[in-house]
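Following: one structure in C-alpha coordinates, then a few remarks.
Keep in mind that this is a model prediction, so the values were computed, not measured. Side chains included, hydrogens not; waters and symmetry mates left out as well; all remaining heavy atoms used.
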Number of protein chains: 2
Amino acid sequence: MDSDAHAPDPSWWGRPNRNQSRSTLTREAIVTAALAVFDQVGLEGLSMRRVAEALGTGAASLYWHVADKEQLIHLLLDRAMGEIELPEPDPERWEEQLREFAHAGRAMFGRHRDLALASLGRVPMGPNLVRLTEWLLAVLHGAGIPSRPAAWFGDVFALVGAAQAVEDHLATTGDMSEFTAMGEYLAALPPDRFPNIAKASPELVAGSADDRFEFTLELLLLGLASYIKAEPR
Amino acid sequence: MDSDAHAPDPSWWGRPNRNQSRSTLTREAIVTAALAVFDQVGLEGLSMRRVAEALGTGAASLYWHVADKEQLIHLLLDRAMGEIELPEPDPERWEEQLREFAHAGRAMFGRHRDLALASLGRVPMGPNLVRLTEWLLAVLHGAGIPSRPAAWFGDVFALVGAAQAVEDHLATTGDMSEFTAMGEYLAALPPDRFPNIAKASPELVAGSADDRFEFTLELLLLGLASYIKAEPR
DNA sequence: ACCTGAACACCGTTCAAGT
DNA sequence: ACCTGAACACCGTTCAAGT
(Lines give C-alpha, C1' and ligand atoms only; values in the text may rest on other atoms or scores of the structure.)
Protein backbone atom coordinates (compact mmCIF):
# COMPACT_ATOMS: atom_id res chain seq x y z
CA MET A 1 0.00 0.00 0.00
CA ASP A 2 1.30 3.38 -0.95
CA SER A 3 0.43 6.02 1.61
CA ASP A 4 1.59 8.73 -0.79
CA ALA A 5 -1.31 8.01 -3.14
CA HIS A 6 -3.91 10.68 -2.46
CA ALA A 7 -7.21 10.86 -4.21
CA PRO A 8 -7.78 14.28 -5.71
CA ASP A 9 -10.03 16.67 -3.81
CA PRO A 10 -13.66 16.30 -4.88
CA SER A 11 -15.07 19.30 -6.67
CA TRP A 12 -17.40 20.16 -3.78
CA TRP A 13 -14.40 20.76 -1.56
CA GLY A 14 -13.45 23.80 -3.54
CA ARG A 15 -13.37 27.04 -1.60
CA PRO A 16 -16.51 29.03 -2.24
CA ASN A 17 -16.12 32.12 -4.44
CA ARG A 18 -12.44 31.63 -4.96
CA ASN A 19 -11.55 35.24 -5.49
CA GLN A 20 -14.44 36.90 -3.73
CA SER A 21 -15.28 35.57 -0.28
CA ARG A 22 -11.67 35.61 0.83
CA SER A 23 -12.17 39.09 -0.46
CA THR A 24 -9.03 40.96 -1.30
CA LEU A 25 -8.67 44.10 0.70
CA THR A 26 -9.81 47.21 -1.11
CA ARG A 27 -9.95 50.82 -0.16
CA GLU A 28 -13.65 50.64 -0.98
CA ALA A 29 -14.15 47.66 1.31
CA ILE A 30 -12.20 49.33 4.08
CA VAL A 31 -14.32 52.47 3.90
CA THR A 32 -17.49 50.38 3.92
CA ALA A 33 -16.33 48.47 6.98
CA ALA A 34 -15.21 51.66 8.67
CA LEU A 35 -18.59 53.28 8.15
CA ALA A 36 -20.31 50.23 9.60
CA VAL A 37 -18.04 50.21 12.65
CA PHE A 38 -18.49 53.96 12.98
CA ASP A 39 -22.28 53.65 12.97
CA GLN A 40 -22.10 51.07 15.71
CA VAL A 41 -19.51 52.47 18.07
CA GLY A 42 -19.30 56.14 17.18
CA LEU A 43 -16.33 58.39 16.55
CA GLU A 44 -14.82 57.64 19.93
CA GLY A 45 -14.96 53.90 19.37
CA LEU A 46 -13.64 53.89 15.83
CA SER A 47 -10.20 52.33 15.69
CA MET A 48 -8.02 50.89 12.97
CA ARG A 49 -7.93 47.64 14.89
CA ARG A 50 -11.68 47.36 15.01
CA VAL A 51 -12.08 48.14 11.33
CA ALA A 52 -9.46 45.54 10.53
CA GLU A 53 -11.18 43.00 12.73
CA ALA A 54 -14.45 43.58 10.89
CA LEU A 55 -12.56 42.69 7.72
CA GLY A 56 -10.97 39.64 9.27
CA THR A 57 -7.44 40.98 9.18
CA GLY A 58 -5.00 42.95 11.26
CA ALA A 59 -4.66 46.70 11.61
CA ALA A 60 -1.33 46.81 9.81
CA SER A 61 -2.95 45.53 6.62
CA LEU A 62 -5.05 48.65 6.28
CA TYR A 63 -2.02 50.83 5.85
CA TRP A 64 -1.34 49.59 2.36
CA HIS A 65 -4.62 51.08 1.18
CA VAL A 66 -5.01 54.01 3.49
CA ALA A 67 -2.49 56.53 4.76
CA ASP A 68 -3.91 57.31 8.13
CA LYS A 69 -6.79 57.00 10.48
CA GLU A 70 -7.37 60.64 9.66
CA GLN A 71 -7.53 59.91 5.95
CA LEU A 72 -9.90 57.03 6.57
CA ILE A 73 -12.22 59.40 8.38
CA HIS A 74 -12.12 61.77 5.43
CA LEU A 75 -12.94 58.92 3.04
CA LEU A 76 -15.74 57.81 5.30
CA LEU A 77 -17.17 61.31 5.35
CA ASP A 78 -17.10 61.59 1.59
CA ARG A 79 -18.75 58.20 1.28
CA ALA A 80 -21.61 59.35 3.50
CA MET A 81 -21.94 62.59 1.58
CA GLY A 82 -22.65 60.38 -1.40
CA GLU A 83 -25.94 59.40 0.17
CA ILE A 84 -27.34 62.86 -0.37
CA GLU A 85 -29.36 62.84 -3.56
CA LEU A 86 -29.86 66.03 -5.45
CA PRO A 87 -32.62 67.17 -7.80
CA GLU A 88 -31.92 69.15 -10.95
CA PRO A 89 -31.07 72.70 -9.96
CA ASP A 90 -34.08 74.89 -10.60
CA PRO A 91 -33.22 78.58 -10.31
CA GLU A 92 -36.88 79.50 -9.94
CA ARG A 93 -37.17 77.50 -6.74
CA TRP A 94 -33.76 78.28 -5.27
CA GLU A 95 -34.96 79.04 -1.78
CA GLU A 96 -37.10 75.92 -1.64
CA GLN A 97 -34.28 73.84 -3.01
CA LEU A 98 -31.92 75.11 -0.34
CA ARG A 99 -34.45 74.07 2.27
CA GLU A 100 -34.74 70.62 0.71
CA PHE A 101 -30.98 70.33 0.58
CA ALA A 102 -30.71 71.21 4.23
CA HIS A 103 -33.26 68.56 5.14
CA ALA A 104 -31.55 65.93 3.00
CA GLY A 105 -28.28 66.68 4.77
CA ARG A 106 -29.91 66.51 8.15
CA ALA A 107 -31.46 63.15 7.29
CA MET A 108 -28.09 61.80 6.22
CA PHE A 109 -26.48 62.94 9.45
CA GLY A 110 -29.37 61.39 11.31
CA ARG A 111 -28.61 58.02 9.76
CA HIS A 112 -25.00 58.15 10.94
CA ARG A 113 -25.14 59.28 14.53
CA ASP A 114 -21.64 60.61 15.01
CA LEU A 115 -20.89 61.74 11.51
CA ALA A 116 -21.76 65.37 12.08
CA LEU A 117 -19.34 65.51 14.96
CA ALA A 118 -16.62 63.96 12.83
CA SER A 119 -17.23 66.50 10.08
CA LEU A 120 -16.74 69.52 12.33
CA GLY A 121 -13.23 70.81 11.99
CA ARG A 122 -12.61 68.77 8.86
CA VAL A 123 -13.10 69.79 5.27
CA PRO A 124 -13.64 66.38 3.71
CA MET A 125 -13.14 67.63 0.18
CA GLY A 126 -13.56 64.76 -2.21
CA PRO A 127 -15.68 63.68 -5.18
CA ASN A 128 -18.93 63.89 -3.27
CA LEU A 129 -18.32 67.19 -1.58
CA VAL A 130 -17.33 68.52 -4.99
CA ARG A 131 -20.63 67.27 -6.33
CA LEU A 132 -22.59 68.93 -3.52
CA THR A 133 -20.61 72.13 -3.91
CA GLU A 134 -21.22 72.25 -7.64
CA TRP A 135 -24.93 71.78 -7.08
CA LEU A 136 -25.14 74.39 -4.37
CA LEU A 137 -23.30 76.93 -6.47
CA ALA A 138 -25.51 76.14 -9.46
CA VAL A 139 -28.58 76.91 -7.41
CA LEU A 140 -27.15 80.10 -5.94
CA HIS A 141 -25.70 81.33 -9.21
CA GLY A 142 -28.98 80.48 -10.90
CA ALA A 143 -30.73 82.62 -8.36
CA GLY A 144 -28.53 85.52 -9.39
CA ILE A 145 -26.32 85.44 -6.34
CA PRO A 146 -22.75 86.41 -7.18
CA SER A 147 -19.83 84.06 -6.65
CA ARG A 148 -18.38 85.53 -3.53
CA PRO A 149 -21.43 85.47 -1.29
CA ALA A 150 -22.45 82.18 -2.90
CA ALA A 151 -19.14 80.53 -2.10
CA TRP A 152 -18.93 81.89 1.39
CA PHE A 153 -22.54 81.16 2.12
CA GLY A 154 -21.99 77.53 1.14
CA ASP A 155 -19.33 77.31 3.79
CA VAL A 156 -21.50 78.67 6.53
CA PHE A 157 -24.41 76.57 5.36
CA ALA A 158 -22.52 73.29 5.59
CA LEU A 159 -21.08 74.20 8.90
CA VAL A 160 -24.32 75.21 10.50
CA GLY A 161 -25.94 72.09 9.12
CA ALA A 162 -23.36 69.85 10.72
CA ALA A 163 -23.42 71.71 14.00
CA GLN A 164 -27.17 71.58 14.09
CA ALA A 165 -27.01 67.83 13.51
CA VAL A 166 -24.67 67.47 16.46
CA GLU A 167 -27.22 69.25 18.59
CA ASP A 168 -29.96 66.97 17.28
CA HIS A 169 -27.81 64.13 18.45
CA LEU A 170 -27.09 65.63 21.87
CA ALA A 171 -30.75 66.30 22.46
CA THR A 172 -31.77 62.72 21.76
CA THR A 173 -28.92 60.82 23.35
CA GLY A 174 -29.50 58.14 26.04
CA ASP A 175 -31.09 58.33 29.48
CA MET A 176 -31.34 61.85 30.85
CA SER A 177 -29.67 63.86 28.17
CA GLU A 178 -27.06 66.51 28.80
CA PHE A 179 -29.60 68.85 27.38
CA THR A 180 -32.19 68.49 30.12
CA ALA A 181 -29.50 68.47 32.80
CA MET A 182 -28.38 71.81 31.46
CA GLY A 183 -31.93 73.08 31.55
CA GLU A 184 -32.21 72.23 35.22
CA TYR A 185 -28.92 73.90 36.01
CA LEU A 186 -29.98 77.08 34.26
CA ALA A 187 -33.43 77.06 35.86
CA ALA A 188 -31.86 76.72 39.30
CA LEU A 189 -29.64 79.81 38.96
CA PRO A 190 -30.49 82.73 41.28
CA PRO A 191 -32.92 84.87 39.26
CA ASP A 192 -31.78 88.15 40.79
CA ARG A 193 -28.23 87.67 39.60
CA PHE A 194 -29.19 86.23 36.22
CA PRO A 195 -32.49 87.88 35.40
CA ASN A 196 -32.24 87.40 31.67
CA ILE A 197 -31.45 83.73 31.93
CA ALA A 198 -34.33 83.36 34.36
CA LYS A 199 -36.61 85.01 31.86
CA ALA A 200 -35.42 82.98 28.89
CA SER A 201 -34.64 79.77 30.74
CA PRO A 202 -37.48 77.74 29.24
CA GLU A 203 -36.62 78.84 25.74
CA LEU A 204 -32.94 78.12 26.15
CA VAL A 205 -33.65 74.45 26.37
CA ALA A 206 -37.13 73.86 25.08
CA GLY A 207 -38.31 73.67 21.54
CA SER A 208 -38.10 70.52 19.52
CA ALA A 209 -35.03 69.75 17.48
CA ASP A 210 -37.20 70.33 14.43
CA ASP A 211 -38.20 73.79 15.56
CA ARG A 212 -34.62 74.77 16.23
CA PHE A 213 -33.53 73.43 12.90
CA GLU A 214 -36.16 75.44 11.07
CA PHE A 215 -35.26 78.54 13.02
CA THR A 216 -31.62 78.30 12.10
CA LEU A 217 -32.38 77.52 8.48
CA GLU A 218 -34.69 80.50 8.28
CA LEU A 219 -32.11 82.73 9.93
CA LEU A 220 -29.54 81.84 7.29
CA LEU A 221 -31.91 82.20 4.36
CA LEU A 222 -33.16 85.54 5.57
CA GLY A 223 -29.61 86.65 6.14
CA LEU A 224 -28.66 85.59 2.66
CA ALA A 225 -31.59 87.43 1.12
CA SER A 226 -30.81 90.62 3.00
CA TYR A 227 -27.15 90.39 2.20
CA ILE A 228 -27.81 90.04 -1.49
CA LYS A 229 -30.08 93.02 -1.40
CA ALA A 230 -27.61 95.03 0.65
CA GLU A 231 -24.61 94.14 -1.55
CA PRO A 232 -25.97 93.36 -4.99
CA ARG A 233 -22.63 93.37 -6.70
CA MET B 1 34.20 59.59 65.86
CA ASP B 2 30.47 59.18 65.80
CA SER B 3 29.17 58.72 62.28
CA ASP B 4 25.61 59.21 63.56
CA ALA B 5 26.35 62.79 64.46
CA HIS B 6 24.95 64.88 61.63
CA ALA B 7 25.17 68.60 61.50
CA PRO B 8 21.74 70.15 61.08
CA ASP B 9 20.80 71.28 57.63
CA PRO B 10 21.76 74.87 57.01
CA SER B 11 18.90 77.23 56.62
CA TRP B 12 19.64 77.76 52.94
CA TRP B 13 18.90 74.10 52.27
CA GLY B 14 15.27 74.55 53.19
CA ARG B 15 12.81 73.79 50.45
CA PRO B 16 11.64 77.05 48.93
CA ASN B 17 8.03 78.03 49.65
CA ARG B 18 7.31 75.11 51.93
CA ASN B 19 3.60 74.84 51.24
CA GLN B 20 3.49 76.45 47.87
CA SER B 21 6.13 75.15 45.49
CA ARG B 22 5.47 71.54 46.45
CA SER B 23 2.01 72.84 45.64
CA THR B 24 -0.84 70.67 46.71
CA LEU B 25 -2.87 69.50 43.80
CA THR B 26 -5.96 71.57 43.13
CA ARG B 27 -8.63 71.43 40.53
CA GLU B 28 -7.67 75.00 39.72
CA ALA B 29 -4.02 74.09 39.30
CA ILE B 30 -4.92 71.10 37.15
CA VAL B 31 -7.03 73.21 34.82
CA THR B 32 -4.26 75.79 34.57
CA ALA B 33 -1.72 73.12 33.70
CA ALA B 34 -4.11 71.48 31.27
CA LEU B 35 -4.68 74.77 29.44
CA ALA B 36 -0.93 75.31 29.20
CA VAL B 37 -0.36 71.81 27.83
CA PHE B 38 -3.29 72.26 25.50
CA ASP B 39 -1.88 75.49 24.09
CA GLN B 40 1.42 73.79 23.40
CA VAL B 41 0.39 70.45 21.97
CA GLY B 42 -3.20 70.96 20.89
CA LEU B 43 -6.29 68.87 21.42
CA GLU B 44 -4.70 65.80 19.87
CA GLY B 45 -1.70 65.97 22.13
CA LEU B 46 -3.54 66.65 25.36
CA SER B 47 -3.32 63.69 27.68
CA MET B 48 -3.88 63.08 31.35
CA ARG B 49 -0.32 61.83 31.59
CA ARG B 50 1.11 65.00 30.10
CA VAL B 51 -0.96 67.25 32.32
CA ALA B 52 0.15 65.23 35.32
CA GLU B 53 3.76 65.43 34.23
CA ALA B 54 3.49 69.21 33.99
CA LEU B 55 2.38 69.15 37.62
CA GLY B 56 5.16 66.82 38.67
CA THR B 57 2.90 63.92 39.49
CA GLY B 58 1.29 60.87 37.92
CA ALA B 59 -1.89 60.65 35.89
CA ALA B 60 -3.74 58.72 38.56
CA SER B 61 -3.43 61.63 40.96
CA LEU B 62 -5.61 63.81 38.78
CA TYR B 63 -8.59 61.56 39.23
CA TRP B 64 -9.16 62.64 42.78
CA HIS B 65 -9.93 66.18 41.59
CA VAL B 66 -11.39 65.53 38.19
CA ALA B 67 -13.79 62.88 36.97
CA ASP B 68 -12.62 62.41 33.44
CA LYS B 69 -10.51 63.68 30.64
CA GLU B 70 -13.81 64.83 29.17
CA GLN B 71 -14.67 66.81 32.30
CA LEU B 72 -11.21 68.34 32.31
CA ILE B 73 -11.78 69.58 28.77
CA HIS B 74 -15.06 71.13 29.84
CA LEU B 75 -13.34 72.86 32.75
CA LEU B 76 -10.60 74.06 30.45
CA LEU B 77 -13.15 75.49 28.05
CA ASP B 78 -14.95 77.33 30.79
CA ARG B 79 -11.67 78.71 32.07
CA ALA B 80 -10.87 80.11 28.63
CA MET B 81 -14.35 81.57 28.29
CA GLY B 82 -13.44 83.55 31.37
CA GLU B 83 -10.96 85.51 29.33
CA ILE B 84 -13.73 87.21 27.41
CA GLU B 85 -14.40 90.57 29.01
CA LEU B 86 -17.78 92.16 28.61
CA PRO B 87 -18.87 95.78 28.69
CA GLU B 88 -22.08 96.93 30.35
CA PRO B 89 -24.99 95.90 28.14
CA ASP B 90 -26.24 98.94 26.28
CA PRO B 91 -29.55 98.30 24.52
CA GLU B 92 -29.06 101.32 22.30
CA ARG B 93 -25.94 99.80 20.76
CA TRP B 94 -27.04 96.17 20.66
CA GLU B 95 -25.89 95.49 17.14
CA GLU B 96 -22.52 97.05 17.72
CA GLN B 97 -22.15 95.19 20.99
CA LEU B 98 -22.86 91.88 19.28
CA ARG B 99 -20.11 92.68 16.82
CA GLU B 100 -17.71 93.51 19.62
CA PHE B 101 -18.65 90.31 21.42
CA ALA B 102 -17.98 88.28 18.29
CA HIS B 103 -14.57 89.85 17.92
CA ALA B 104 -13.70 89.30 21.58
CA GLY B 105 -14.62 85.64 21.19
CA ARG B 106 -12.57 85.32 18.06
CA ALA B 107 -9.59 86.89 19.78
CA MET B 108 -9.89 84.44 22.67
CA PHE B 109 -10.02 81.48 20.30
CA GLY B 110 -7.05 82.94 18.49
CA ARG B 111 -5.03 82.87 21.69
CA HIS B 112 -5.74 79.18 22.22
CA ARG B 113 -5.20 77.55 18.85
CA ASP B 114 -7.20 74.38 19.27
CA LEU B 115 -9.84 75.57 21.66
CA ALA B 116 -12.46 76.25 19.04
CA LEU B 117 -12.12 72.71 17.77
CA ALA B 118 -12.50 71.37 21.29
CA SER B 119 -15.63 73.45 21.84
CA LEU B 120 -17.43 72.07 18.79
CA GLY B 121 -19.74 69.29 19.83
CA ARG B 122 -19.48 70.25 23.49
CA VAL B 123 -21.69 72.56 25.50
CA PRO B 124 -19.24 73.60 28.18
CA MET B 125 -21.92 75.07 30.42
CA GLY B 126 -20.31 76.46 33.52
CA PRO B 127 -19.96 79.72 35.43
CA ASN B 128 -18.36 81.54 32.55
CA LEU B 129 -20.70 80.37 29.83
CA VAL B 130 -23.54 81.33 32.15
CA ARG B 131 -22.02 84.77 32.45
CA LEU B 132 -21.69 85.12 28.67
CA THR B 133 -25.22 83.82 28.14
CA GLU B 134 -26.66 86.26 30.66
CA TRP B 135 -24.89 89.13 28.95
CA LEU B 136 -25.96 88.09 25.48
CA LEU B 137 -29.58 87.72 26.54
CA ALA B 138 -29.46 91.07 28.29
CA VAL B 139 -28.33 92.72 25.08
CA LEU B 140 -30.91 90.95 22.94
CA HIS B 141 -33.75 91.45 25.40
CA GLY B 142 -32.75 95.05 25.77
CA ALA B 143 -33.02 95.39 22.02
CA GLY B 144 -36.58 94.20 22.23
CA ILE B 145 -35.92 90.76 20.91
CA PRO B 146 -38.19 88.16 22.50
CA SER B 147 -36.82 85.24 24.49
CA ARG B 148 -37.25 82.48 21.97
CA PRO B 149 -35.34 83.97 19.06
CA ALA B 150 -32.86 85.48 21.52
CA ALA B 151 -32.13 82.12 23.13
CA TRP B 152 -31.91 80.24 19.88
CA PHE B 153 -29.89 82.92 18.23
CA GLY B 154 -27.35 82.75 21.04
CA ASP B 155 -26.86 79.10 20.24
CA VAL B 156 -26.26 79.67 16.58
CA PHE B 157 -24.05 82.62 17.32
CA ALA B 158 -21.70 80.68 19.60
CA LEU B 159 -21.56 77.81 17.22
CA VAL B 160 -20.77 79.84 14.17
CA GLY B 161 -18.17 81.77 16.15
CA ALA B 162 -16.38 78.58 17.11
CA ALA B 163 -16.60 77.08 13.66
CA GLN B 164 -15.30 80.25 12.13
CA ALA B 165 -12.38 80.19 14.53
CA VAL B 166 -11.57 76.65 13.45
CA GLU B 167 -11.44 77.88 9.89
CA ASP B 168 -9.20 80.74 10.91
CA HIS B 169 -6.93 78.14 12.35
CA LEU B 170 -7.03 75.86 9.30
CA ALA B 171 -6.25 78.75 7.02
CA THR B 172 -3.16 79.77 8.96
CA THR B 173 -1.75 76.37 9.92
CA GLY B 174 1.82 75.33 9.00
CA ASP B 175 3.58 74.98 5.63
CA MET B 176 1.23 74.72 2.71
CA SER B 177 -2.10 74.78 4.40
CA GLU B 178 -4.93 72.35 3.64
CA PHE B 179 -6.75 75.42 2.50
CA THR B 180 -4.52 76.22 -0.46
CA ALA B 181 -4.20 72.54 -1.38
CA MET B 182 -7.97 72.46 -1.61
CA GLY B 183 -7.95 75.54 -3.77
CA GLU B 184 -5.60 73.87 -6.23
CA TYR B 185 -7.71 70.74 -6.33
CA LEU B 186 -10.84 72.73 -7.07
CA ALA B 187 -9.13 74.87 -9.69
CA ALA B 188 -7.89 71.75 -11.48
CA LEU B 189 -11.35 70.22 -11.89
CA PRO B 190 -12.65 69.96 -15.48
CA PRO B 191 -14.56 73.20 -16.04
CA ASP B 192 -17.10 71.64 -18.37
CA ARG B 193 -18.26 69.17 -15.78
CA PHE B 194 -18.13 71.60 -12.89
CA PRO B 195 -18.88 74.96 -14.46
CA ASN B 196 -20.10 76.60 -11.30
CA ILE B 197 -17.09 75.57 -9.28
CA ALA B 198 -14.88 76.80 -12.13
CA LYS B 199 -16.63 80.12 -12.01
CA ALA B 200 -16.48 80.48 -8.24
CA SER B 201 -13.19 78.69 -7.69
CA PRO B 202 -11.20 81.76 -6.69
CA GLU B 203 -13.87 82.87 -4.26
CA LEU B 204 -14.19 79.45 -2.68
CA VAL B 205 -10.75 79.72 -1.27
CA ALA B 206 -9.74 83.34 -1.45
CA GLY B 207 -10.67 86.17 0.82
CA SER B 208 -8.85 86.80 4.05
CA ALA B 209 -9.96 85.17 7.23
CA ASP B 210 -11.05 88.62 8.35
CA ASP B 211 -13.27 89.11 5.32
CA ARG B 212 -14.92 85.77 5.82
CA PHE B 213 -15.47 86.45 9.46
CA GLU B 214 -17.14 89.76 8.72
CA PHE B 215 -19.29 88.18 6.04
CA THR B 216 -20.56 85.51 8.38
CA LEU B 217 -21.13 87.93 11.19
CA GLU B 218 -23.09 90.19 8.88
CA LEU B 219 -25.12 87.28 7.58
CA LEU B 220 -26.21 86.37 11.08
CA LEU B 221 -27.02 89.91 12.13
CA LEU B 222 -29.02 90.57 8.99
CA GLY B 223 -30.81 87.28 9.48
CA LEU B 224 -31.60 88.18 13.04
CA ALA B 225 -32.93 91.58 12.08
CA SER B 226 -35.14 90.12 9.36
CA TYR B 227 -36.37 87.38 11.61
CA ILE B 228 -37.41 89.81 14.30
CA LYS B 229 -39.27 91.87 11.79
CA ALA B 230 -40.88 88.82 10.20
CA GLU B 231 -41.95 87.27 13.50
CA PRO B 232 -42.32 90.11 16.01
CA ARG B 233 -44.07 88.03 18.65
C1' DA C 1 -8.54 63.14 52.69
C1' DC C 2 -5.42 62.84 49.31
C1' DC C 3 -1.75 60.74 46.57
C1' DT C 4 0.84 56.89 44.33
C1' DG C 5 2.66 52.72 41.38
C1' DA C 6 1.48 49.26 38.97
C1' DA C 7 -1.58 47.17 36.15
C1' DC C 8 -5.37 46.56 32.57
C1' DA C 9 -7.11 46.96 28.28
C1' DC C 10 -6.61 49.42 24.86
C1' DC C 11 -4.57 52.79 21.00
C1' DG C 12 -1.96 54.39 15.90
C1' DT C 13 1.81 53.35 13.30
C1' DT C 14 6.13 51.12 11.63
C1' DC C 15 8.87 47.61 9.86
C1' DA C 16 11.08 43.45 8.76
C1' DA C 17 9.54 39.44 6.90
C1' DG C 18 6.71 36.74 4.23
C1' DT C 19 4.00 35.40 -0.32
C1' DA D 1 2.12 44.05 -5.12
C1' DC D 2 0.03 43.07 -1.14
C1' DC D 3 -0.39 41.17 3.52
C1' DT D 4 1.19 39.84 8.22
C1' DG D 5 3.01 39.52 13.33
C1' DA D 6 5.34 41.58 16.43
C1' DA D 7 6.95 45.51 18.36
C1' DC D 8 7.15 50.54 19.82
C1' DA D 9 5.54 54.25 22.13
C1' DC D 10 1.90 55.72 23.67
C1' DC D 11 -3.21 56.13 25.72
C1' DG D 12 -7.51 56.60 29.84
C1' DT D 13 -8.83 54.62 33.87
C1' DT D 14 -8.93 51.59 38.05
C1' DC D 15 -7.49 49.95 42.31
C1' DA D 16 -5.04 48.36 46.15
C1' DA D 17 -1.90 50.40 49.00
C1' DG D 18 0.22 53.98 51.19
C1' DT D 19 0.29 58.52 54.18
Side-chain angles (χ1 to χ4, degrees), chain A residues 15 17-77 114 117-118 121-122 124 174 178, chain B residues 15 17-77 114 117-118 121-122 124 174 178:
Chain A
R15 290 184 185 80
N17 314 329
R18 279 181 78 93
N19 285 330
Q20 196 187 344
S21 169
R22 189 56 191 148
S23 57
T24 50
L25 226 43
T26 319
R27 183 182 268 229
E28 286 271 301
I30 292 173
V31 174
T32 303
L35 191 51
V37 170
F38 185 82
D39 284 344
Q40 275 174 22
V41 299
L43 179 59
E44 197 84 345
L46 182 73
S47 78
M48 300 302 274
R49 284 168 146 96
R50 260 202 252 230
V51 173
E53 193 188 17
L55 291 163
T57 182
S61 304
L62 305 182
Y63 284 84
W64 184 265
H65 305 273
V66 142
D68 254 344
K69 185 186 179 185
E70 187 59 26
Q71 191 189 63
L72 181 52
I73 294 178
H74 275 84
L75 294 172
L76 179 150
L77 283 166
D114 256 9
L117 187 57
R122 292 184 171 93
E178 277 187 50
Chain B
R15 290 186 185 78
N17 313 330
R18 278 181 80 90
N19 285 332
Q20 195 187 345
S21 171
R22 188 58 189 147
S23 56
T24 51
L25 226 41
T26 318
R27 181 180 270 229
E28 286 271 301
I30 291 172
V31 173
T32 303
L35 191 51
V37 170
F38 184 83
D39 284 344
Q40 275 174 22
V41 298
L43 180 57
E44 198 85 344
L46 182 72
S47 76
M48 299 302 274
R49 283 167 146 96
R50 261 204 252 231
V51 173
E53 193 186 17
L55 290 162
T57 181
S61 303
L62 305 182
Y63 284 83
W64 184 264
H65 304 272
V66 143
D68 256 343
K69 186 187 178 184
E70 186 60 26
Q71 189 187 63
L72 180 53
I73 294 179
H74 274 84
L75 294 171
L76 179 150
L77 283 166
D114 256 9
L117 186 58
R122 292 185 171 92
E178 276 186 52

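- Rounded to whole Å, atom P of D:dG5 lies 13 Å from atom CG of A:Leu62.
- Applying the 4.0 Å criterion to OP1 and OP2 of D:dC2, one finds that A:Trp64 has a side-chain N or O inside that range.
- Close to D:dA1, at under 4.0 Å from its OP1 or OP2, lies no side-chain N or O of A:His65.
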Note to self: Give the dot-bracket line for DNA chain D from 5' end to 3' end: parentheses for intra-strand Watson-Crick or G-U pairs under 3.5 Å, square brackets for crossings, | for inter-strand pairing, dots for unpaired.
What the structure shows: ||.|||||...|||||.||
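- Contacts of A:Glu53 classified as salt bridge (Lys or Arg N to Asp or Glu O under 4.0 Å), with partners at least two apart in sequence or in another chain: none.
- Under the side chain to side chain donor-acceptor pair (under 3.5 Å) criterion, B:Thr26 pairs with no residue at all, not counting sequence neighbours.
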Throw together a table of side-chain donor-acceptor distances under 3.5 angstrom for residues 28-35 of chain B, partners on residues two or more places apart or in other chains.
residue	atom	partner	partner atom	Å
B:Thr32	OG1	B:Glu28	O	2.9
B:Thr32	OG1	B:Arg79	NH1	2.9

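- Partners of B:Glu70 by side chain to side chain donor-acceptor pair (under 3.5 Å), not counting sequence neighbours, listed by chain and number: B:Arg122.
- Rounding to the nearest 0.5 Å places CD of A:Gln71 at 11.5 Å from CG of A:Leu62.
- In this structure, B:Ser61 reaches the C:dT4 phosphate: one of its side-chain N or O atoms is under 4.0 Å from OP1 or OP2.
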For residues 37-46 of chain B, tabulate all N or O donor-acceptor pairs below 3.5 Å that involve a side-chain atom, not counting sequence neighbours.
residue	atom	partner	partner atom	Å
B:Asp39	OD1	B:His112	ND1	2.9
B:Asp39	OD2	B:His112	ND1	2.9

Item checked: Intermediate values then yes/no, side-chain contact (heavy atoms from CB on, under 4.5 Å), A:Leu72 and A:Met48 -> CA-CA 9 Å; A:Leu72 181 52; A:Met48 300 302 274; 4.0 Å; yes
Can you name the atoms? Protein N/O to nucleotides 10-14 of chain C N/O, anything below 3.5 Å, with the distance.
residue	atom	partner	partner atom	Å
C:dC11	OP1	A:Ser47	OG	3.3
C:dC11	N4	A:Arg49	NH2	3.4
C:dG12	OP1	A:Met48	N	3.3
C:dG12	OP1	A:Lys69	NZ	3.3
C:dG12	OP2	A:Met48	N	3.0
C:dG12	N7	A:Arg49	NH1	2.4
C:dG12	O6	A:Arg49	NH1	3.3
C:dG12	O6	A:Arg49	NH2	3.3
C:dT13	OP1	A:Asp68	OD1	3.0
C:dT13	OP2	A:Tyr63	OH	2.7
C:dT13	OP2	A:Lys69	N	2.9
C:dT13	O5'	A:Tyr63	OH	3.3

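- Scored by the side chain to side chain donor-acceptor pair (under 3.5 Å) test, B:Ser61 finds B:Thr57 as partners (sequence neighbours excluded).
- Here the separation of D:dC10 from C:dC8, taken at their C1' atoms, is 15 Å to the nearest Å.
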